[in-house]
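A quick note: this is a predicted structure, and the numbers were derived from the prediction, not measured.
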Amino acid sequence: MPAATAKPPLIEPVSALEEPAVLALNNAHAEELSWLEPERLSFLLGQAFYARRIGTLEAFIMTFDQDAVYDSPNFLWFRARYPRFVYVDRVVAAPDARGRGHARRLYTDLFVSAQRAGHTLVTCEVNSDPPNPASDAFHAALGFGEVGEASIHGGEKRVRYFARSLAGGPLPASGG
């Protein structure tokens, strides 16, 4: 008799009870994601278009749409160029959960949620200095294309901006 196939852990909304664990996972990867204080995380989760976790916190994602109250230079770059979008602010898998397809599952679920809400564009940024080749490859495999670049935080970091059309057509011009 074949062995039972384990079901993948569920994708569920991030609740207030999980905020301390989300904060710890985020801040363990602050170089890639940026450090958060507890109050800031609570505020951002309240602004989020889509904030989900996998399992007990094997991975999480937090996104915003164009209407969010958010002062991130990366988010503001997209807001200045696109009238409607969903911006992926952060996605991370716990070290012992990497390689299980969690980030891909979160993005796939996000694409469905964004389409249901009438969005046709999902955006994100990837560090170019310091470089993040794994993220570059991951986003390319998901169909993201580069739409711009910037130097942020007083030149401490360089990023490339990416977008993915959910409508199946070409990416809209960034407008600058």
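In this structure, Arg158 CZ and Ile152 CD1 are separated by 10.0 Å, a value rounded to the nearest 0.5 Å. We find the CD-CD distance between Glu39 and Glu19 to be 10.0 Å, quoted to the nearest 0.5 Å. To the nearest 0.5 Å, atoms CZ (Arg79) and CG (Asn74) are separated by 13.0 Å. For the atom pair CG (Asp65) and CD (Gln47), the distance works out to 9.5 Å, reported to the nearest 0.5 Å. In this structure, Leu10 CG and Asp109 CG are separated by 11.0 Å, a value rounded to the nearest 0.5 Å. For the atom pair CD1 (Ile54) and CD1 (Ile11), the distance works out to 4.5 Å, reported to the nearest 0.5 Å.
A donor-acceptor pair shorter than 3.5 Å can be found between the side chains of Glu18 and Ser15.
Ring geometry for Tyr161 versus Trp77: interplanar angle under 30°, hence parallel rather than tilted (30 to 60°).
Summarising the geometry of Ala59 relative to Leu106, their closest heavy-atom pair is CB-CD1, 3.9 Å, with the distance given to 0.1 Å. In plain terms, the two heavy atoms of Val159 and Ser128 that are nearest each other are N-OG, 3.6 Å. Here the closest non-hydrogen pair linking Val88 and Glu125 is O-OE1, 4.3 Å. In plain terms, the two heavy atoms of Pro9 and Glu58 that are nearest each other are CG-OE2, 3.6 Å. Listed here is the closest heavy atom pair of Leu121 and Arg84: CB-O, 4.2 Å. Here the shortest heavy-atom pairing between Val91 and Leu33 reads O-CD2, 3.9 Å.
In terms of modelled atom types and a separation under 3.5 Å, the side chain of Arg53 and the main chain of Gly55 share a donor-acceptor contact. Proximity of a side-chain donor or acceptor of Asn27 to a complementary backbone N or O of Leu36 within less than 3.5 Å is detected. Between the side chain of Glu146 and the backbone N or O of Arg160, no donor-acceptor pair lies under 3.5 Å. Between the side chain of Gln66 and the main chain of Phe85, a donor-acceptor pair closer than 3.5 Å is present. Side-chain atoms of Asn26 come within 3.5 Å of backbone N or O of Ser34 as a donor-acceptor pair. No donor-acceptor pair closer than 3.5 Å links the side chain of His102 to the backbone N or O of Arg98. Under a 3.5 Å cut-off, the side chain of Arg164 and the backbone N or O of Gly143 do not form any donor-acceptor pair.
Every pair passing ring-ring contact (aromatic ring centres under 6.0 Å, His included) that includes a residue from residues 33-65 is listed here, sequence neighbours excluded: Phe49-His119, Phe64-Tyr70.
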Determine, stepwise, if the pair Val147 / Tyr82 fulfils side-chain contact (heavy atoms from CB on, under 4.5 Å).
CA-CA 11 Å; Val147 294; Tyr82 300 108; 3.6 Å; yes

Are Glu31 and Asn127 close enough, and set up right, to give a side-chain contact (heavy atoms from CB on, under 4.5 Å), and what steps lead you there?
CA-CA 10 Å; Glu31 182 177 349; Asn127 292 345; 5.8 Å; no

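Within a 6.0 Å sphere centred on CD of Glu12, heavy atoms belonging to other residues, nucleotides or ligands number more than 12.
Remark: Arg52 pairs with no residue by the side chain to side chain donor-acceptor pair (under 3.5 Å) rule, at least two apart or across chains.
Note on Leu25: it does not cluster hydrophobically with Leu17, by side-chain heavy-atom contacts below 4.5 Å among ILVMFWY residues. Cluster annotation: Val86 and Val112 are assigned to distinct hydrophobic clusters (Ile/Leu/Val/Met/Phe/Trp/Tyr, side-chain heavy-atom contacts under 4.5 Å, transitive).
Using a 4.5 Å heavy-atom cutoff, the side chains of Phe75 and Asp89 are not in contact.
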